[in-house]
Amino acid sequence: MSHSTRIKLTNTIIFIVLAIGAIFMIAPLLWMLSTSIKQKMDVFALPPVWIPSNPQWGKYLEIWEAGPLLSGIKNSVIIAVSVTVVGTFTSSLAAFSFAKLRFPGKNQIFLMLLSAMMIPYPAVMIPQFMMFSKVGWIDTLLPLIVPGLFGNIIMIFFLRQYLISIPNEVIEAAKIDGSSYFRLFSVITFPLIKPAVAAQLILWFMGIWNDYLAPIIYLNSPEKMTLQLVIANFNATYAIQTDYPLIMAASVIALLPVLTIFLVFQKQIIESVAISGVKG
Amino acid sequence: MKTKSNLYRKEKLYGLLYVSPPVLGFLLFTLFPVAYSFYGSFTDWDGLGQMDFIGLSNFKDLLTDDLFHKASFNTIYMMIGIPIGIVLALLLALGLNRGIPGTTTFRVIYYVPVISSLAAISIMWSWAFNGDYGLVNQFLELFGIEGPNWLMNKHTVKPALIMMTVWKGLGYTMLLYLAALQSVPRSYYEAAELDGANGFAAFRHITWPMVKPVTFFIVVTNIIGGSQIFTEINIMTSTGGPEYSSASVVFYIWQKAFSNLQMGYASAMAVVLGIFIFIVTLIQFKMNEKSSFDI
């Protein structure tokens with residue numbers, strides 16, 4: 001066998017292996033989708049029915065009545081949008097300052113912030129809970145919003161790295177011209193880092209959207225819950241009635257927004273993740 | 001040079017102003033809580049009444065608390081998924097790095113579980129692990145194997161969770177490896193080929209050393225993430241599994257703090273967990289300093 005046919009053969013085998021792997025990756029999600037449109041008896045059919053003969057889309061109407069799904073979506077949107085919009089502003093402004101401005105104690109302050117990355121959320125959740133309960137914020141969205149408004153250290157770190165690689169000349173020249181510092185940021189720097197900001201913002205948004213531990217600690221009343229808590233409650237309630245199509249339909253709804261965002265921005269997301277990983 | 005010093009004074013002012021929100025956030029939501037957690041761990045504290053200082057009592061109790069031991073053991077046990085995930089992801093990345101058709105599509109498909117909501121994924125998998133009608137057992141049936149009722153059996157609940165976490169994290173690890181592989185200069189392999197090195201030798205002497213920093217990064221971040229496993233446990237086994245066989249440390253902290261209102265005791269566990277993660281992270285930073293890290 002010649003060299004090139006051997007490579008071709010190897011590549012074909014690898015393609016097949018990757019395709020089988022891909023089936024295993026996607027099958028559970030397809031099964032979830034398929035279950036959501038099944039009739040109850042089809043759910044328990046052996047062998048499994050992948051494509052129901054008579055798809056029932058009714059569960060997708062029923063879920064809106066079955067629990068506070070709509071308010072769950074609304075709450076998740078309120079939290080994720082307010083945190084990412086304001087938090088991205090504070091984060092990128094801080095990153096700009098750390099990378100391009102001179103002030104005393106800059107590196108020490110940055111290192112101090114960096115140390116926050118070593119502190120896991122479970123280690124601070126109890127005192128945070130006590131703080132927020134003191135000010136009467138339990139069972140409101142505020143404990144999930146307010147800390148994020150102050151910025152995100154991972155984002156600051158990432159944008160700072162990005163900004164350092166941008167030459168100083170333009171900024172120095174603008175400083176001499178007497179441009180204000182905020183103008184320096186908003187007109188000169190920010191447009192340059194927009195792609196990096198967008199990628200980080202999307203990742204952050206998805207992280208907040210999918211968060212479960214913080215919301216479960218703070219939120220009790222059904223109408224205050226985020227989408228993730230609402231579907232977890234669906235699971236607890238309707239599993240007893242073995243209404244799996246309903247549970248799966250709700251779960252599909254919970255996946256759709258991030259899945260859509262991912263498919264639209266997959267290039268930026270994948271790049272951003274790859275860069276942050278390789279750089280460590 | 002009056003104007004210049006004036007300029008600098010202004011810059012100083014604005015520089016500090018612009019970094020003040022994250023600094024304030026750090027003091028309020030990290031430093032203060034950490035100090036409080038630390039203090040709380042030495043007290044008997046129900047979260048409502050006062051905090052009675054009891055010294056190391058909580059930590060002594062941890063030493064003899066069977067449930068804490070179980071939760072710690074379970075948490076560490078479930079990290080078996082880390083090496084499994086690393087091997088699978090590296091193999092996948094090596095395959096994808098050959099420029100075969102459909103690379104982008106594969107990348108997207110393998111990455112979908114990573115971005116999916118963990119709550120929804122947990123719900124889906126608890127149905128997939130159902131003993132009678134679950135997808136997993138129906139698949140095993142094809143090979144004549146009768147699967148257990150995964151989540152209801154103390155011997156299979158952890159392997160089930162491991163299977164799921166590997167599935168969930170595979171795409172992320174694969175992506176990091178793929179990025180690392182793409183940064184290995186082609187000339188290295190060409191030189192090796194000229195020297196008559198076979199594929200395995202090239203992997204051992206070129207690829208593996210080149211992706212070593214990434215491997216290290218993955219191991220460390222996975223240990224940090226794995227030690228905080230909670231959502232899967234909470235949704236799939238809401239009581240911590242049969243005989244507490246799937247409860248994790250964070251699950252136990254959460255139960256103690258917010259169901260039993262033993263805030264002091266839970267804080268002690270949080271401190272232990274925090275110290276563990278701190279050490280792991282510190283090792284990561286130290287190793288990075290040695291390779292290529294610019295602050």
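Remember, it's a predicted structure, so these values are computed and weren't measured experimentally. Here is how names work: the chains are called A, B, and so on, in the same order as the sequence lines, proteins then strands, and each is numbered from 1.
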### Task
Against chain B, label A:Ile156 side chain, backbone, both or neither, depending on which of its atoms sit under 4.5 Å from a heavy atom there.
side chain

### Query
Which answer fits A:Leu149, side chain, backbone, both or neither, if we ask what part of it has an atom under 4.5 Å from a heavy atom of chain B?
neither

### Query
Stepwise, does the ring pair (Phe, Tyr, Trp, His ring centres under 6.0 Å) test hold for B:Tyr110 with A:Phe24?
CA-CA 9 Å; B:Tyr110 282 95; A:Phe24 275 97; over 10 Å; no

### Query
A:Leu101 versus B:Leu16: any side-chain heavy-atom pair under 4.5 Å?
no

#### Entry: Structural part of B:Phe32 lying under 4.5 Å from a heavy atom of chain A
side chain

### Query
Using non-hydrogen atoms only, which part of A:Lys100 is less than 4.5 Å away from chain B: side chain, backbone, both, or neither?
backbone

### Task
Name the option with the most non-hydrogen atom pairs under 4.5 Å to chain B; the candidates are A:Val252, A:Ile247, A:Ile217.
A:Ile217

## Note on the structure
Bottom line for A:Phe132: the part with an atom under 4.5 Å from chain B's heavy atoms is side chain

### Message
I want to check something: taking the side chain as every heavy atom from C-beta on, are B:Tyr8 and A:Arg102 in contact at a cut-off of under 4.5 Å?
### Response
yes

### Task
Look up atom CG in A:Asn235 and atom CD1 in B:Ile235, then write down how far apart they are to the nearest 0.5 Å.
7.0 Å

### Message
I'd like to verify something: which residue of A:Phe185, A:Trp31, A:Trp209 has the highest number of heavy-atom pairs under 4.5 Å with chain B?
### Response
A:Trp31

### Message
What part of A:Ile231 gets within 4.5 angstrom of chain B, counting heavy atoms only: side chain, backbone, both, or neither?
### Response
both

### Query
Ignoring hydrogens and geometry, is there a side-chain-to-backbone donor-acceptor pair from A:Gln128 to B:Phe29 under 3.5 Å?
yes

### Task
Tell me, for A:Ala19 versus chain B, whether the close heavy atoms (under 4.5 Å) come from the side chain, the backbone, both or neither.
both

### Test side-chain contact (heavy atoms from CB on, under 4.5 Å) applied to A:Ile153 and B:Thr30, step by step
CA-CA 12 Å; A:Ile153 180 65; B:Thr30 305; over 6 Å; no

### Query
Less than 4.5 Å apart, any side-chain heavy atom of B:Tyr111 and any of A:Val273?
yes

### Task
Examine whether an atom of A:Tyr181 lies under 4.5 Å from a heavy atom of chain B, and if so say whether it belongs to the side chain, the backbone or both; otherwise answer neither.
both

### Query
Taking the six-membered ring for Trp, is the centroid-to-centroid distance between A:Phe129 and B:Phe258 below 6.0 Å?
yes

### Message
Counting heavy-atom pairs under 4.5 Å with chain B, which one of A:Met117, A:Lys175, A:Lys106, A:Met206 comes out on top?
### Response
A:Lys175

### Message
Using side-chain contact (heavy atoms from CB on, under 4.5 Å), reason through A:Tyr121 and B:Val250 one step at a time and then give a plain yes or no.
### Response
CA-CA 10 Å; A:Tyr121 179 67; B:Val250 175; over 6 Å; no

### Query
Got A:Ser115 and B:Phe26 here, is their nearest side-chain heavy-atom distance under 4.5 Å?
yes

## Note on the structure
Under 4.5 Å to a heavy atom of chain B? For A:Thr35 that would be side chain

### Message
Can you tell me which portion of A:Ile109 sits under 4.5 Å from chain B's heavy atoms? Options are side chain, backbone, both or neither.
### Response
side chain

### Query
Would a 4.5 Å heavy-atom cut-off, applied to side chains only, mark A:Phe15 and B:Thr103 as touching?
no

#### Entry: Short side-chain to backbone donor-acceptor contact, A:Asn210 and B:Ala119, under 3.5 Å
no

### Message
Using a 3.5 Å distance criterion without hydrogens, assess whether the side chain of B:Trp167 forms a donor-acceptor pair with backbone atoms of A:Met25.
### Response
yes

### Query
Using the ring of each side chain (for Trp, its six-membered ring), is B:Tyr18 parallel, tilted or perpendicular to A:Phe182, with breaks at 30° and 60°?
perpendicular

### Message
Counting only heavy atoms from other residues, nucleotides and ligands, does the tally under 6.0 Å from CD of B:Glu193 exceed 12?
### Response
no

### Task
Please report the C-alpha distance between A:Leu29 and B:Met124 in whole Å, then the side-chain angles of each, then the deciding distance to 0.1 Å, and finally whether the side-chain contact (heavy atoms from CB on, under 4.5 Å) criterion is met.
CA-CA 8 Å; A:Leu29 293 164; B:Met124 184 263 292; 4.1 Å; yes

### Query
Of the non-hydrogen atoms in B:Ala120 and A:Ser251, which two are nearest, and what is the gap between them?
CB-O, 3.9 Å

### Query
What part of A:Met131 lies closer than 4.5 angstrom to a heavy atom of chain B: side chain, backbone, both or neither?
side chain

### Message
Among A:Ala116, A:Gly87, A:Pro120, A:Ala123, which residue has the highest count of heavy-atom pairs closer than 4.5 Å to chain B?
### Response
A:Pro120

### Query
Checking A:Gln228 against chain B: side chain, backbone, both or neither under 4.5 Å from a heavy atom?
both

### Task
Go through the atoms of A:Val43 and report whether side chain, backbone, both or neither lie under 4.5 Å from a heavy atom of chain B.
both

### Message
Please determine whether side-chain contact (heavy atoms from CB on, under 4.5 Å) holds for the pair B:Arg98 and A:Ile14, giving the CA-CA distance in whole Å, both sets of side-chain angles, and the decisive distance to 0.1 Å.
### Response
CA-CA 9 Å; B:Arg98 295 171 67 96; A:Ile14 286 171; 3.3 Å; yes

## Note on the structure
chain B shares the most heavy-atom pairs under 4.5 Å, among A:Ile26, A:Ile119, A:Leu113, A:Thr90, with A:Leu113

## Note on the structure
When the 4.5 angstrom heavy-atom criterion is applied to A:Phe234 and chain B, the contacting part is neither

### Message
Looking only at heavy atoms and a cut-off of under 4.5 Å, which of A:Leu18, A:Leu203, A:Asp211 has the most pairs with chain B?
### Response
A:Leu18

### Task
Evaluate the side-chain proximity of B:Arg107 to A:Ile270: yes if any heavy-atom separation is below 4.5 Å, no if none is.
yes

### Summary
Pair count under 4.5 Å, heavy atoms only, with chain A: among B:Val34, B:Ile218, B:Leu273, highest is B:Val34

### Query
Counting only heavy atoms not in B:Phe216, do more than 12 fall under 6.0 Å of its CZ?
yes

### Summary
CD1 (B:Ile100) and CD1 (A:Ile13) are apart, to the nearest 0.5 Å, by 11.5 Å

### Task
Enter the distance from A:Ser180:OG to B:Tyr14:OH here, rounded to the nearest 0.5 Å.
7.0 Å

#### Entry: chain B contact via A:Phe262 - side chain, backbone, both or neither, heavy atoms under 4.5 Å
side chain

